[in-house]
Amino acid sequence: MIRLLEYQAKGLLREVGIKVPEGGVARTGEEASRIAEQIGGPVVVKAQVPVGGRGKAGGVLFADTPEEAREVARDLLGSKIKGEIVDKVLVEERLNIEEEWYAAISLDRSERIPIVLASREGGVDIEEVPDEKIARRYVDPFLGMRPFEARLVAKDAGIPREYLRDFESVLTAMYEVFDGYDAHLVEINPLVLTKEGELVAADAVVNLDQDAAVMRHPEFAEETEDFHLVELGGDVGIIANGAGLTMATVDLVKEFGGEPANFLDVGGGAYPSLIRRAILAVDDLGVSVILINIFGGITRCDDVAKGIVRAMEDVDTPMVVRLVGTNEEEGHAILKEHGIDVFEDLEEAVKRAVEIAQG
Ligand code: GDP
Ligand code: MN
């Protein structure tokens, strides 16, 4: 799975007629100030990193003048937001926000069916929104999403009557992207109702199937491999695949008396370059040990091992690896060759990692 950066996701939304704020991508403070100049008013400067919750992490800043835009862009560029180095910022016209809504089309994991989600309580992490405030509806993948279905979801979400038609258009257009790009997720959060009465996508997430996306859009490939890192404050770095397995690993580290430094889920398609980047990100937290727990299915153990070996060129922190599943033997052989502790049993691996952390 790859997560497009916000400006890329917004590019796709714009193509299907969804309104996005005017703006541009900057790699330097100078560029940022030039874009702000063109916009000619207050702007928002946003770190382009493939993680959510940037606002809370200080990755979304405001500026009233081009000079200020240059300053805040300089602050962001080269800094780290949730473990990701910021090398680009998006400079956009600042919206006059009346309300923040939520709209998404996602592939239901268990059923593999598209599901449409909408809420009037957007702008915050959707996990924090109470269930009853989120309207949901499955879509028949063969028929596609029909306008009346979009309308019903919008209604269920409590969208005011006068905006139902606009909300329906946004959802229908989002479905075009979802379908056309074989996306796993197309999300607008917040979908802003401006004081001027327009619906504007203030933030966007598009997750694509890795193989399909790279085949059709090689330009998306290099910078968009995704993982999700949450800092937990301890000194045992944790990398695993799948949210469930990652949480279980975090819990087990605690059970064995260790202090988890983070939660990092590398997801389904853990390619060597992604594993390497994940290890570097965790190492940057200043951990005493990195515990890697991968259950290979689609993910191949030899790919994971290659990523670990590549990361070793830059990382001195000891690593403890539990690696089972597809191509397990090849994976173990590669790691042993490079002197890395590798386990089949998770508890043994956790115990070893905690021992190292406790010195
Ligand atoms: P995220 O934290 O990574 O999801 O980043 P968002 O782009 O969603 O921004 C977080 C929050 O910043 C939004 O929910 C808004 O409250 C605020 N924000 C973003 N863009 C604007 C803007 O143009 N104007 C104003 N007033 N607030 C904004
Ligand atoms: Mn957002």
Side-chain angles (χ1 to χ4, degrees), residues 3-14 18-26 32 35-36 38-66 68-69 72-73 75-77 79-106 117-129 133-134 157 170 174 177 183 185-207 223-224 226-231 281:
R3 174 176 173 137
L4 300 188
L5 294 169
E6 178 188 8
Y7 78 92
Q8 297 171 315
K10 282 176 166 171
L12 300 185
L13 296 182
R14 191 187 287 113
I18 294 172
K19 205 166 160 25
V20 300
E22 187 197 339
V25 175
I35 295 166
Q38 268 170 15
I39 291 171
V43 295
V44 51
V45 180
K46 309 175 77 178
Q48 295 301 287
V49 286
V51 289
R54 293 163 303 164
K56 278 189 197 159
V60 177
L61 303 174
F62 299 105
D64 289 328
T65 63
E68 230 186 295
V72 299
D75 287 344
L76 281 178
L77 289 163
S79 78
K80 258 188 219 161
I81 299 294
K82 297 177 97 173
E84 298 277 337
I85 293 187
V86 180
D87 64 354
K88 291 181 216 73
V89 293
L90 178 59
V91 182
E92 286 185 333
E93 65 176 300
R94 193 170 340 154
L95 301 170
N96 295 313
I97 299 181
E98 179 72 28
E99 289 192 25
E100 300 192 32
W101 299 342
Y102 178 89
I105 299 166
S106 152
L117 301 148
S119 176
R120 198 169 166 179
E121 301 206 355
V124 295
D125 186 348
I126 194 65
E127 256 89 72
E128 291 168 22
V129 178
K133 301 272 178 152
I134 306 169
V170 169
M174 286 169 78
V177 173
L185 174 71
V186 177
E187 181 188 75
I188 301 179
N189 187 25
L191 175 63
V192 162
L193 170 64
T194 64
K195 296 213 185 289
E196 296 79 23
E198 281 189 307
L199 297 194
V200 183
D203 186 19
V205 177
V206 172
N207 289 345
E223 56 187 335
T224 46
D226 184 35
F227 55 74
H228 193 69
L229 185 149
V230 180
E231 285 198 56

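Every number for a ligand or one of its atoms is a count from 1 in the order of the listing. What you are looking at is a predicted structure, and each value in this text was computed from that prediction instead of being measured. Throughout, numbering of the chain's residues begins at 1 and tracks the sequence.
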Original post:
Closest approach of Ala201 and Leu191, non-hydrogen atoms and distance?
Top reply: N-CD1, 4.1 Å
Original post:
What closest approach, in Å, do Pro21 and Ala202 show between heavy atoms, and which atom pair accounts for it?
Top reply: CG-CA, 4.5 Å
[atom] - nearest protein heavy atom and its distance:
| atom | result |
| --- | --- |
| atom 9 (O) of ligand 1 | Val60 CG2, 3.9 Å |
| atom 17 (C) of ligand 1 | Phe62 CZ, 4.4 Å |
| atom 4 (O) of ligand 1 | Asp203 OD2, 3.0 Å |
| atom 25 (C) of ligand 1 | Ile97 CD1, 3.4 Å |

Original post:
For atom 22 (C) of ligand 1, which candidate among Val205, Val200, Leu95 holds the nearest heavy atom?
Top reply: Leu95
Original post:
Nearest non-hydrogen atom to atom 15 (C) of ligand 1 belongs to which of Lys46, Glu6, Glu100?
Top reply: Glu100
Salt bridge present between [X] and [Y] (N-O < 4.0 angstrom):
| X | Y | value |
| --- | --- | --- |
| Lys56 | Glu128 | yes |
| Glu84 | Lys80 | no |
| Lys10 | Glu92 | yes |
| Glu100 | Arg120 | no |

Original post:
Side chain of Asn189, backbone of Asp203: donor and acceptor closer than 3.5 Å?
Top reply: no
Kindly confirm or rule out an N or O of [X] lying under 3.5 angstrom from an N or O of ligand 1.
| X | value |
| --- | --- |
| Arg94 | no |
| Lys56 | no |
| Gly55 | yes |

Original post:
Which of the N/O/S atoms in Asp203 sits closest to the Mn ion (ligand 2)?
Top reply: OD2
Original post:
Which distance, rounded to the nearest 0.5 Å, do you find between the CD of Glu196 and the CG of Asn96?
Top reply: 5.0 Å
Original post:
To the nearest 0.5 Å, how far apart are CD1 in Ile97 and OG1 in Thr194?
Top reply: 9.5 Å
Identify, by atom number and element, the atoms of ligand 1 in contact range of [X], meaning under 4.0 Å from any of its heavy atoms.
| X | value |
| --- | --- |
| Asn189 | 8 (O) |
| Val44 | 23 (O) |
| Arg54 | 1 (P), 2 (O), 3 (O), 5 (O), 6 (P), 7 (O) |

Subject >> Non-hydrogen protein atom less than 4.0 angstrom from atom 11 (C) of ligand 1 >> reply: no
